[in-house]
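Report on the following structure.
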Amino acid sequence: MTMVCDVVALSRYLDGELPPEQYRAVAEHVVACAPCRAELTALREINRLMVDWGSRNVPLPIDAANRTRAEIGRRARFPRLLALSRASSAAVGTAAAALLLMVTMNLAPLYQSISASPPPRVQTRTPELQQITERYQLKHNLESMLIHSPPPVWPVQRRHTSLPD
Amino acid sequence: MAMVLEAALIEQLRRQEEDAFTLVYERHKTQIFNYLYRLSGDWELAGDLTHDTFLSAYESLPKLRPDSNIAPWLYRIATNRFRDLLRRRRVINWLPWTDGPASEARLAVTGGEETLSERESVKAALASMKPEYSTCLVLRLAEGFSSEETGAILGISAEAVRMRLSRARVMFKAAYEIAESGEHDDGL
């Protein structure tokens, strides 16, 4: 690999953007070096592909052109109104951002205090307390059964009325 | 004479005169539309980007320098709109670039089988490249701008264009080979 075996030099050689001395040196090198010759062929192929890619011009669709013409006309006729509307929308956006910032800043200490507070403690019952609770629960259940139980249902005597014949 | 007319046109443009801008639009719309198609590979998208390009150009008329050249100025705006689009797509992870049936039909009309396959591969290869390289390749080789003109459009030096073009060719070659092998695999 010599100094001339270099893709940058080959690229410049292809574009004719080398000083005459370097140009001659690269040309001589390419004759002797098969990999550089292959590389140069590949670079020429890229040039051909790109020239082909740039060779066709398609007109801009009419509806797209009309849209732009209309918008330019509108901006030319109402420059102050548009500038004002842009300024007002920018002002609304800034106000909304400021409001959001203020709300966030006000909520931040509250959130920090909530997240910093210790978790609720879990009370463990002692055996004595457990007994008292169970006793109380039993009593309460009995009372509620008495209070809320439905009234006794007595046998209902049906009064038969005799229909006139 | 042409220089004087161009200077007069630019003066009118700087005053945002509608007629002057309409003249610029009618002169350059097809050129910019085709450039954006060559970059994006999508007719519909190229139409939308052309619309955005000329509206951006209209808005920036007061900032147009008296010594500006109109075509490179429009190409610069079009390139920026294309880059913005890619950036937005990367951020919101949009759908992959595909061609609609309209573009398929149009290509089928304009080219034979061989050319169609070749162009599809060119399109796929360009779409897979980073925009700084694909724009350089398209401006320099497909649009036919010199290194100096390409540099003016991209905002880099002519020397940087030569370096970038060399790398772009290497990248294109690899991407084109992948695209071609993909097409042949599909055909099996």
Side-chain angles (χ1 to χ4, degrees), chain A residues 4-19 22-23 26 35-36 38-80 82-83 85-87 90, chain B residues 16-19 21-22 25-26 29-35 37-38 43-44 46-48 50-55 57-59 102-103 106-107 110-111 115 118-119 121-123 125-126 137-144 146-147 158-159 161-163 165-170 172-173 176-177:
Chain A
V4 207
C5 239
D6 161 16
V7 75
V8 177
L10 287 176
S11 182
R12 291 180 180 205
Y13 170 79
L14 189 65
D15 296 334
E17 290 193 302
L18 280 176
Q22 282 185 38
Y23 187 87
V26 174
C36 281
E39 188 64 34
L40 194 61
T41 307
L43 295 180
R44 283 203 177 103
E45 178 62 6
I46 292 169
N47 272 17
R48 187 193 67 73
L49 288 169
M50 292 308 297
V51 169
D52 177 65
W53 186 234
S55 66
R56 279 164 205 275
N57 269 343
V58 174
L60 178 66
I62 292 168
D63 55 339
N66 285 340
R67 185 164 58 109
T68 309
R69 285 188 197 108
E71 184 60 31
I72 290 167
R74 201 167 67 89
R75 290 187 185 205
R77 262 167 244 129
F78 309 107
R80 286 188 182 173
L82 284 168
S85 74
R86 271 197 295 276
Chain B
Q16 274 193 311
E17 288 185 16
E18 189 186 350
D19 290 344
F21 191 74
T22 304
Y25 177 70
E26 298 303 333
K29 66 178 191 300
T30 306
Q31 195 182 6
I32 295 298
F33 170 65
N34 281 276
Y35 166 59
Y37 171 70
R38 283 170 200 133
W43 293 113
E44 202 173 322
D48 289 345
T50 305
H51 179 78
D52 292 349
T53 297
F54 280 96
L55 292 188
Y58 183 80
E59 291 302 321
S103 63
R106 200 178 300 220
L107 277 175
T110 55
T115 318
E118 205 174 80
R119 287 188 181 161
S121 300
V122 169
K123 198 160 70 176
L126 286 172
L137 202 63
V138 170
L139 285 168
R140 187 71 184 77
L141 301 181
E143 300 294 320
S146 66
S147 295
E159 186 54 27
V161 170
R162 290 181 196 112
M163 290 299 293
L165 182 64
S166 162
R167 293 186 68 186
R169 278 178 168 134
V170 173
F172 178 84
K173 188 182 161 195
Y176 184 81
E177 282 169 2

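Note that this is a predicted model, so its numbers are computed, not measured. Proteins come first, then strands; the chains are lettered A, B, ... in the order of their sequence lines, and each starts at number 1.
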Check B:R169 against A:I46 and note the closest heavy-atom contact, atom names and distance. O-CD1, 3.4 Å
Shortest non-hydrogen pair, B:F33 vs A:V58, comes out as CD2-O, 3.5 Å
Relative to chain A, which segment of B:Y176 carries a heavy atom at a distance below 4.5 Å: side chain, backbone, both, or neither? side chain
Go through the steps for B:K173 and A:E45 under the test salt bridge (charged side-chain N to carboxylate O under 4.0 Å, His left out), then give the verdict. CA-CA 9 Å; B:K173 188 182 161 195; A:E45 178 62 6; over 6 Å; no
Report yes if the side chains of A:R75 and B:E59 come closer than 4.5 Å at any heavy-atom pair, otherwise no. yes
Would a 4.5 Å heavy-atom cut-off, applied to side chains only, mark A:M50 and B:R38 as touching? no
Given the options A:D63, A:N57, A:V8, A:V51, which has more heavy-atom pairs under 4.5 Å with chain B than any of the others? A:N57
Within 6.0 angstrom of B:Q31 CD, more than 12 heavy atoms from elsewhere: yes
Between B:V170 and chain A, which part of the residue has a heavy atom less than 4.5 Å away: side chain, backbone, both or neither? side chain
Could you grab the distance from atom NE2 of B:H51 to atom CD of A:E71, nearest 0.5 Å is fine? 5.5 Å
For the CZ atom of B:R140 and the CG atom of A:D15, what is their distance to the nearest 0.5 Å? 4.5 Å
Here the gap from B:Y58 atom OH to A:I72 atom CD1, rounded to the nearest 0.5 Å, amounts to 8.0 Å
For the residue pair A:R56 and B:N34, confirm or rule out a side-chain donor-acceptor distance under 3.5 Å. no
Applying a strict 4.5 Å limit to non-hydrogen atoms, the region of B:E177 in contact with chain A is neither
Sole residue of B:R119, B:E118, B:E143 in side chain to side chain contact (heavy atoms under 4.5 Å, CB included) with A:W53: B:R119
Closest non-hydrogen contact found for B:E18 with A:G73 is OE2-CA, 3.3 Å
Using heavy-atom distances under 4.5 Å, tell me whether B:D48 contacts chain A through its side chain, its backbone, both, or neither. both
Less than 4.5 Å to any heavy atom of chain A: does that hold for the side chain of B:I32, its backbone, both, or neither? neither
If you take all heavy atoms of B:G47 and A:L60, which pair is closest and at what distance? CA-CD1, 4.3 Å
Might you work through the side chain to side chain contact (heavy atoms under 4.5 Å, CB included) test for B:T22 and A:R69, ending with a clear yes or no? CA-CA 8 Å; B:T22 304; A:R69 285 188 197 108; 5.6 Å; no
Check B:T30 against A:P59 and note the closest heavy-atom contact, atom names and distance. CG2-CA, 4.1 Å
Of the backbone (N, CA, C, O) and the side chain (C-beta and beyond), which part of B:E26 lies under 4.5 Å from a heavy atom of chain A, both, or neither? side chain
For A:S11 against B:S166, the heavy-atom pair lying closest together: OG-CA, 3.6 Å
